[in-house]
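Everything below concerns the one structure shown next.
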Amino acid sequence: MSQVRVRFAPSPTGFFHIGSARTALFNWLYARHTGGVFILRIEDTDKERNSEAFLNLIYDSLSWLGLNWDEGPKIGASGGGDFGPYRQSERGAIYKEYVGKLLAAGRAYEKDGAIWFKLFGERYEIFDEHRKKTVMKVKLPPVVIEDQIRGRVERLEDEDFVIVRSDGNPVFHLVNVIDDIAMQVTHVIRGEDHLSNTSKHVLLYEGFGVKPPIFAHIPLILKQNGPGKMSKRDQGALIEEYQKRGYLPEALVNFLCLLGWNPGDDREKMPIADIIRLFDLPGVNQSNARFDDKKLAHVNMAYLLELPAEKFIAQAREFFARQSESPVTLAAAAATAEYFAEVMRLSQPKIKGFEELPAYTSYFFTDEFSVDAKVREKVMAKGDPKARLAELIKVAQAADFSSEAVLTEALKKLAESKGLGFGDYQGVARLAVTGTNVGPNITGIFYVLGRERVRSRLEKFLATV
RNA sequence: GUCCCCAUCGUCUAGCCCGGUUAGGACACCACCCUUUCACGGUGAGAACCGGGGUUCGAAUCCCCGUGGGGACGCCA
């Protein structure tokens, strides 16, 4: 058995989006599953639309997702290989050589300054209603594609097609096939949108006298709302965005695996090693999948919950540092490591993603937090909040703030002494100290905030009622 | 318009290949429990085999036709 060689071949003509990421992921998984080679090849033959910024985005996004390539442009820990260069813009000589072979074999010819691939068969002219012109067709049996996911697919390819533009630049179909031959690619795993190109590619392989690789066309990701496939313009489409919003890459990868593939049992959240072990091409679905950000958020939370505290804190700190300046982010940046860690200790079990953090923790970092009017109305309408506040202030003055546990005891004792429950205090205390009705345990908040801030906030609030 | 692919809860899916299940799980939604708010967690509810024909004792499962969805029809990739 020869080694599996797969490639991911993006073109740097736009933002790196979630569909591309999943194609890369499935290629990478297959390489890792089989002990094969994962090649990154940059298809930058479109000089008009290429950009270096988009190219860097491809590198960044793949690296962030943990999809390291064995061969390809050398970036960081990935890259190298004996089949370079891995950017098509640097492979002109190779294409020329291959086109020469086609020309010499009579499989290509020049017309209108371009080079066309020649189909062998009986020729006839016909008027194409849709294109409103007469075209030259060739009588041929349909091309047969044995697809690992779709099964046997037949498609008729009956017109010569351009392989080198009149400006001398080779087109996608040509370079894609040449590179796959030259790089000895064994499996072509790509989106289903390429299925109808595949007949051209198979013909080109034949033209070069080479056996085509194994094809596997994976289903597309459809946009969450509205019709059609996910495109770069759609909400939630960009990998870069998830990175900025603080999603965990391993969560996004796990979620992406579940779009069109499953391990064969009910497991969903699973370590990448297990996914690598179980992933295989026949296990990939045939139908398109709709993107669901709620499920992604759920998976992200599951990963967040089991992230070691030190990592959570470190990543939260980075996340805050990346945010635009605001009273909260500035104060968070200025906070001591100990204080920041304490706030995160309370927050980690509660949030679905880092992006919730600034709003969720604002009152820890600034006294200028906003008070939710609706919550205020609700809390103030119940019982005797004024009296409760006065009692809380007394406790805040006298209580031992040295631990969360003793504070909990103190508040319980207070409630008991008045014949009330803990709940009669926590709501109003939370409102006064945080301005909201959501958050960590109230005594945890007291402890982290410290006596002075708790007392002053309680007093300040009491003065407004 | 032509060609190609696809079709199970709102969504992701198991089951299909090798016909016989109370059609299973997860997300979301709802209710209840836990509880110090909010989450988490637990329990439960509602929710699907696109339609029509075949084949068969029996069809989600096999076949055909519709319909619906998706993709491709560039000297873009």
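Please read these numbers as outputs of a predicted model, since none were measured by experiment. Numbered from 1 within each chain, the chains take letters A, B, ... in sequence-line order.
Nearest nucleotide to the A/Asp193 side chain, out of B/rC12, B/rG24, B/rA72: B/rA72. Closest approach to the A/Glu268 side chain among B/rG25, B/rC40, B/rA77 is made by B/rG25 (side chain taken as heavy atoms from C-beta onward). Comparing atom distances between the A/Asn288 side chain and each of B/rC27, B/rG70, B/rU37 picks out B/rG70 as nearest. Closest to the side chain of A/Thr443, from the set B/rU36, B/rC27, B/rA39, is B/rU36. Closest to the A/Met301 side chain, of the nucleotides B/rU37, B/rA77, B/rC40, is B/rC40. Which of B/rA77, B/rA7, B/rU11 sits closest to the side chain of A/Asn197 comes down to B/rA77. Closest approach to the A/Val153 side chain among B/rC4, B/rA7, B/rG10 is made by B/rC4 (side chain taken as heavy atoms from C-beta onward). Checking B/rC4, B/rC75, B/rG70 against every side-chain atom of A/Leu220, the shortest atom distance belongs to B/rG70. Of the candidate nucleotides B/rC6, B/rA77, B/rC12, B/rC12 has the atom nearest to the side chain of A/Arg290. Minimum atom distance to the side chain of A/Phe422 is reached by B/rU36, of the listed B/rC40, B/rG70, B/rU36.
One interatomic measurement links the two molecules: OH of A/Tyr360 to P of B/rU37, which rounds to 13 Å at whole-angstrom precision. Following rounding to the nearest Å, A/Glu192 (CD) and B/rA72 (C1') show an atom-to-atom distance of 9 Å. Distance CZ (A/Phe215) to C1' (B/rA72): 16 Å, rounded to an integer number of Å. To the nearest angstrom, P of B/rU2 lies 19 Å from CG of A/Leu195. Note: CD (A/Gln224) to C1' (B/rC12) measures 12 Å, nearest angstrom. A/Ile445 has its CD1 atom 15 Å from the P atom of B/rU36, to the nearest Å. Put simply, CZ on A/Arg345 is 17 Å from C1' on B/rA39, counting in whole angstrom units. Separating the CG atom of A/Asp424 from the C1' atom of B/rU36 is a distance of 11 Å, rounded to the nearest angstrom.
Taking the six-membered ring where the residue is Trp, the centroids of A/Tyr447 and A/Phe401 are separated by 6.0 Å or more. Ring pair A/Phe354/A/Tyr247: centre-to-centre distance not below 6.0 Å.
Note that A/Arg22 lies in the cation-pi zone of A/Phe26, set by a 6.0 Å cut-off to the ring centre and a 45° limit from the axis. A/Phe255 does not carry A/Lys295 over the face of its six-membered ring by the limits of under 6.0 Å from the centre and within 45° of the normal. Judged by a 6.0 Å distance limit and a 45° cone about the ring axis, A/Lys350 is not positioned over the six-membered ring of A/Tyr360.
Side-chain atoms of A/Ser196 and base atoms of B/rC3 include no donor and acceptor less than 3.5 Å apart.
Distances shown here put every side-chain N or O of A/Gln426 at or beyond 4.0 Å from the OP1 or OP2 atom of B/rU37. Close to B/rG69, at under 4.0 Å from its OP1 or OP2, lies no side-chain N or O of A/Ser287. Dashed line: the shortest gap from a side-chain N or O of A/Arg155 to OP1 or OP2 of B/rU2 is not under 4.0 Å. Within the 4.0 Å cut-off from OP1 or OP2 of B/rU13, at least one side-chain nitrogen or oxygen of A/Asn285 is found. Residue A/Asn262 places at least one side-chain N or O under 4.0 Å from the OP1 or OP2 atom of B/rA14. Proximity of A/Lys229 to the phosphate of B/rA72: a side-chain N or O atom is located under 4.0 Å from OP1 or OP2.
Place A/Gly444 and A/Val162 on RNA chain B by their nearest nucleotides, and A/Gly444 ends up nearer the 5' end. The residue among A/Gly260 and A/Lys350 whose nearest nucleotide of RNA chain B lies closer to the 5′ end is A/Gly260.
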Carefully, step by step, assess A/Ser11 and A/Arg49 under the rule side-chain hydrogen bond (donor to acceptor under 3.5 Å, both in side chains).
-> CA-CA 9 Å; A/Ser11 60; A/Arg49 298 194 301 149; 5.9 Å; no

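Base engagement by A/Gly439 is indicated by at least one non-hydrogen atom pair under 4.0 Å involving a base atom. Counting non-hydrogen atoms under 4.0 angstrom, A/His217 reaches nothing in the nucleic acid. If you check every strand for non-hydrogen atoms under 4.0 Å, A/Asp112 touches a base.
With P as the reference atom, B/rC32 and B/rG25 are 22 Å apart, rounded to whole Å.
Here the options are A/Phe117, A/Phe215, A/Phe172, A/Phe161, the test is ring-ring contact (aromatic ring centres under 6.0 Å, His included), and the partner is A/His201; only A/Phe172 passes.
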